Amino acid sequence: MRLLTAPEAPVWDGILLSVGGNDLIQAAQTPTQIDGVEVPLHLRLLRNQTEWGPPSAGVGRYFSEPGWATYAEYLKANLRHLLTLRDQGPSAGKPVFIHCYAVPMPRPAGAEDAGHGPWLYPALKAYAIPAADWAAVSRLMVMHLALLLKTLMADKEQFPGLFVFDSTAVPLAAATPGASGISGDWHNEIHLNHSGCLKIGRAWSEHIDQVLTTGGIVVAAPPTGRGRARR
């Protein structure tokens, strides 16, 4: 709030944020019960076995649409608040840059710090989701978030000056299922390693540069990360 609204706040060229990813992981980790009381479906992203839909629904059978609606409203409320803060200060109307997320492979690969991760792997195990469907469930959730963020960007009335970079379109080397350490472009289950960060960073830089250069007109093209970004 100080950086956006205080009298001494600078005028930013743009505001870069990472939004929604940790919230998505935390929502997926919500257990079916807390203190012996069942958590209602609208407060969970995953369904327990008795709630699964028919096999014809694919991996969507494991997904809680009511829970997703709750998550989406939470995210929209926070973003609207952020844009309100922006417009109360000297950076009113400046572009806010957020990004989608690469699709992680659920696997037993936590951070080096004890007690941090893995994240999706234990959640999917707790819900007894078959291991053969883990990658697809991860993709389903991440793509839901990407679509939500891009939909918000398109709503110029409620979310003016919001620009979303679709990082799901950047080709990355996937981690090997079951790998417990660095694999592909991934340092652990949900964090990219240096090569993965470089691919995403270059492509997002191109997106930001295009917005700042054109005044907000974004040409719809898959990000490549191969061009030269302005520093």
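The model shown is predicted, which means the values in this text are computed figures rather than measured ones.
Contact check for T30 versus L43: no side-chain heavy atoms found under the 4.5 Å cut-off. N78 has its side chain out of reach of D23: every pair of non-hydrogen atoms, C-beta onward, lies at least 4.5 Å apart. Looking at W68 and L145, their side chains come closer than 4.5 Å, going by heavy atoms from C-beta outward. Contact check for H144 versus L148: no side-chain heavy atoms found under the 4.5 Å cut-off. When side chains are defined from C-beta on, P104 counts as touching V142, because their heavy atoms get closer than 4.5 Å.
Atoms CE and CG, on M153 and L79 in that order, are 12.5 Å from each other to the nearest 0.5 Å. The NE2 atom of H99 sits 11.0 Å away from atom NE2 of H207, with the distance rounded to the nearest 0.5 Å. Distance check: I182 CD1 to L192 CG gives 12.0 Å after rounding to the nearest 0.5 Å. Going from atom CG of D185 over to atom NE2 of H191 covers 15.0 Å, rounded to the nearest 0.5 Å.
Checked by atom type and distance alone, the side chain of E189 pairs as donor or acceptor with a backbone atom of W119 at under 3.5 Å. Proximity of a side-chain donor or acceptor of R86 to a complementary backbone N or O of K94 within less than 3.5 Å is detected. Under a 3.5 Å cut-off, the side chain of E51 and the backbone N or O of N48 do form a donor-acceptor pair. In this structure, the side chain of W12 engages the main chain of L3 through a donor-acceptor pair within 3.5 Å. Between the side chain of R44 and the main chain of P66, no donor-acceptor pair closer than 3.5 Å is present.
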For side-chain contact (heavy atoms from CB on, under 4.5 Å), just list the numbers for L24 and Y101, CA-CA rounded to whole Å, side-chain angles, deciding distance to a tenth of an Å, and then say yes or no.
-> CA-CA 11 Å; L24 183 70; Y101 288 82; over 6 Å; no
For L41 and R47, what are the C-alpha separation, side-chain angles and deciding distance, and is it a side-chain contact (heavy atoms from CB on, under 4.5 Å)?
-> CA-CA 7 Å; L41 195 57; R47 296 175 177 268; 3.2 Å; yes
Determine, stepwise, if the pair L82 / L17 fulfils side-chain contact (heavy atoms from CB on, under 4.5 Å).
-> CA-CA 10 Å; L82 173 84; L17 292 173; 3.0 Å; yes
Test F165 against F97 for side-chain contact (heavy atoms from CB on, under 4.5 Å), laying out the working first.
-> CA-CA 7 Å; F165 168 64; F97 298 100; over 6 Å; no
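Taking the ring axis of F163 as reference, the NZ or CZ atom of K156 stays within 45° of it and closer than 6.0 Å to the ring centre.
Both I98 and M143 belong to a single network of hydrophobic side chains, linked directly or stepwise wherever heavy atoms of I, L, V, M, F, W or Y lie under 4.5 Å apart.
Nearest heavy-atom pair, P90 versus P10, reported as atom, atom and distance to 0.1 Å: CG-O, 3.7 Å. G53 and R61 get closest at one heavy-atom pair: O-NE, 3.0 Å. Contact detail for R2 and A9: the closest heavy-atom pair is O-CB, 3.6 Å.
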